[in-house]
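Input: a single structure, listed below in structure tokens.
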Amino acid sequence: MTRVSAGKVYALVLILAIGWLIWFPSVAPAYGISLGLTVLLVIVLAASWNLISGYTGYVSFGHAGFFGVGSYTGALLIVHDTLPWWTAMMVAGLVSSLIAALIGYPTLRLRGPYFAITMFALSELARIVTTNWTSLTGGGQGVYLPILQDDTPNFLAMGILAVAAVVVSYCIGTSAIGLRLLAIREDEQAASALGIRTTAYKHAAFVVSSFFPGVAGAIYARQIGYIEPSSVFATVWSIRAIAATMLGGHGTFLGPIAGAIALTLVSEAVWAENPFLYQVVFGGLIVLVLLVMPGGIMRLLEDRGWTRPSRRL
Amino acid sequence: MSDQLLLNIAQVVISGLLLGGVYALFATGLNLIVGVMRVINLAHGELMMLGAYTTFWLSTLTGLNPLVAIIPTVLILFLGGTLLERFLLERTIRQPMLSALLLTFGLSTLFMGVALNLWTADFRSIVYLSGSVQIGALVVSQVRLIGSAIALTLTAASFWFLRSTRFGKSIRATAQHADVAEACGIDVAFVRRVTFGLGSAQAAAAGSLAALMFSFSPEMGQIYIAKAFAIIVLGGLGSFVGAFLGALALGLAETLAAYFTTAQLADGVPYVVLVLVLLLRPSGLFGAPE
């Protein structure tokens with residue numbers, strides 16, 4: 001039996017996924033669409049978090065900050081009716097990336113836990129600024145968006161974004177750039193000594209990575225119809241991204257997808273029982289995965305021989 | 001400046017320093033763990049929260065004096081801390097730092113989730129010694145004065161323990177170089193366990209005292225952990241004296257900011273301090289530059 005190349009399998013899966021995205025909204029009930037949207041949202045968050053944290057090892061607790069910035073940018077642009085909604089979504093992503101480009105200069109000099117904590121602090125600061133900048137954001141009152149009759153455009157937008165996030169992380173992961181990012185994770189000093197411009201690579205990964213939560217936040221705002229600082233800047237967005245990536249297998253490009261699907265479906269089931277339980281489930285999952293299967297679902301499949309051994313990311 | 005303004009500022013400074021006392025107890029505990037174990041313990045705030053609730057339930061259910069209830073609370077959390085180290089954190093020692101960071105992050109989320117489920121998100125408080133003391137023209141809340149005094153005493157006791165006892169010396173040796181300490185016959189695994197227990201005990205005591213002074217909820221840990229990071233980063237990681245002075249400085253900065261601006265903006269002080277120090281002088285005020 002000849003082995004089919006991984007690239008062909010991935011291409012097939014991608015075509016099937018796109019087909020599903022187009023077909024699903026026409027048959028699914030409203031609940032199905034909103035659940036599907038959540039799965040796609042978590043895939044976007046996880047895959048983009050993986051780009052900076054899984055590949056380069058710079059663990060960021062700041063994904064919620066970019067999500068919040070994108071939510072507010074998108075929501076305000078829509079409310080003031082300045083741009084068509086899908087342009088507003090793109091602008092939200094670009095604003096998020098721009099902020100990442102600026103704060104990347106000072107923060108990416110910091111190593112390991114310092115970076116993690118600084119990103120958390122900046123995300124919280126963004127929440128406090130948004131709450132207090134009443135003239136622009138309406139402060140703690142939040143922003144109300146127009147009510148939509150049809151969720152399908154949002155679903156498709158999130159679907160395109162998810163596909164883009166996954167394709168980008170695949171392209172980066174399998175390229176020479178990806179190797180350099182991994183080299184940074186394994187030993188930044190050694191990478192630098194080998195002539196890799198570590199700062200430039202980290203910075204690029206950071207800017208690309210923060211585009212996705214920005215757009216996702218804007219689509220989320222349009223879908224949910226009401227945002228306030230404490231809901232869109234909530235740490236839980238970072239937690240979801242981290243838990244999904246850890247569960248699926250961090251540093252692999254399929255891991256975040258598998259993790260996001262598994263995590264969202266499990267938490268949806270738990271959520272229906274008790275809305276407070278999700279934190280126990282998420283926290284417990286992270287601890288369990290780290291202790292029992294540190295490589296996540298992907299490593300588990302690989303060890304069983306069900307998937308081709310990938311480069312150990 | 002008018003006399004009234006001066007008096008107000010004196011009042012604010014005193015309450016800032018009293019606040020700083022509790023911060024000091026909490027932050028030096030975290031600093032100890034970070035220094036010895038090289039683990040940024042993101043669950044430290046939740047250990048504090050568990051301390052607050054243990055004291056709350058002990059005093060509410062058994063009618064124990066809250067100040068006395070702190071003693072069993074500290075013992076329980078010391079034991080809990082050593083068990084956490086033995087069964088969970090120990091497994092991450094030889095792994096990349098990422099693992100330990102994410103493990104404590106998972107624990108933090110887990111503990112907070114469990115507390116939210118058991119005790120709801122409602123704010124609670126322990127009503128105890130609600131009177132105040134007059135010192136000259138200044139009025140100081142009785143419970144804050146006593147709470148802060150206890151916190152400072154415990155912080156001093158921890159400092160003395162690390163400085164002057166043989167075991168304290170083992171802890172400091174492990175912090176300096178774990179492998180060399182091991183070669184010199186120090187049981188490093190045991191030292192780490194006790195260190196994590198001590199850090200947890202300090203968090204528990206600080207949580208109990210904070211619960212006497214302010215209202216609290218399962219989410220209190222998130223707020224205090226940010227303050228503690230600001231403090232130990234300001235003081236320089238691993239520096240006990242730095243963390244102590246950083247705690248007083250942060251308490252002071254927060255109350256002054258609340259007085260001159262709004263309480264909401266004052267919430268941002270720890271984050272601003274944290275970001276500024278990390279960007280301008282990452283080694284902190286008392287830490288050795290890399």
[X] versus chain B, heavy atoms under 4.5 Å apart: side chain, backbone, both or neither?
X: S53(A); value: neither
X: I117(A); value: both
X: I239(A); value: both
X: A116(A); value: side chain

Subject >> Proximal component of I40(B), with respect to chain A [non-hydrogen, under 4.5 Å] >> reply: side chain
Subject >> Approximate separation, where rounding is to 0.5 Å, of L274(B) CG and E124(A) CD >> reply: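 One finds 11.0 Å between CG of L274(B) and CD of E124(A).
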Subject >> Gap between atom OG1 of T118(A) and atom CG of L278(B) - 0.5 Å precision >> reply: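 Output value for this atom pair is 4.0 Å.
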**OP:** Check ring-ring contact (aromatic ring centres under 6.0 Å, His included) between Y271(B) and all other residues, then give those that pass, not counting sequence neighbours.
**Re:** none
Subject >> Winner by heavy-atom pair count (cut-off under 4.5 Å) against chain B, out of I286(A), V289(A), V280(A) >> reply: V280(A)
**OP:** Decide if atom OH of Y226(A) counts as having more than 12 heavy atoms of other residues, nucleotides or ligands within a radius under 6.0 Å.
**Re:** yes
Original post:
Within residues 106-115 of chain B, which positions have a heavy-atom distance to chain A below 4.5 Å?
Top reply: G106(B), L107(B), T109(B), L110(B), M112(B), G113(B), V114(B)
**OP:** Please examine the side chains of L88(B) and L291(A), heavy atoms only from C-beta on, and report whether any two atoms are closer than 4.5 Å.
**Re:**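 Counting from C-beta outward, L291(A) and L88(B) do come under 4.5 Å.
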Subject >> ring-ring contact (aromatic ring centres under 6.0 Å, His included): pairs with one or both residues in residues 88-109 of chain B, sequence neighbours excluded >> reply: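 ring-ring contact (aromatic ring centres under 6.0 Å, His included) check on residues 88-109 of chain B returns F61(A)-F105(B).
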**OP:** If a pair satisfies salt bridge (Lys or Arg N to Asp or Glu O under 4.0 Å) and one of its residues is in residues 56-70 of chain A, list it, with sequence neighbours excluded.
**Re:**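 Qualifying pairs, neighbours excluded: none.
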**OP:** Heavy atoms only: give me the nearest I242(A)-L102(B) pair and the separation to one decimal.
**Re:**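 Looks like CG2-CD2, 3.6 Å.
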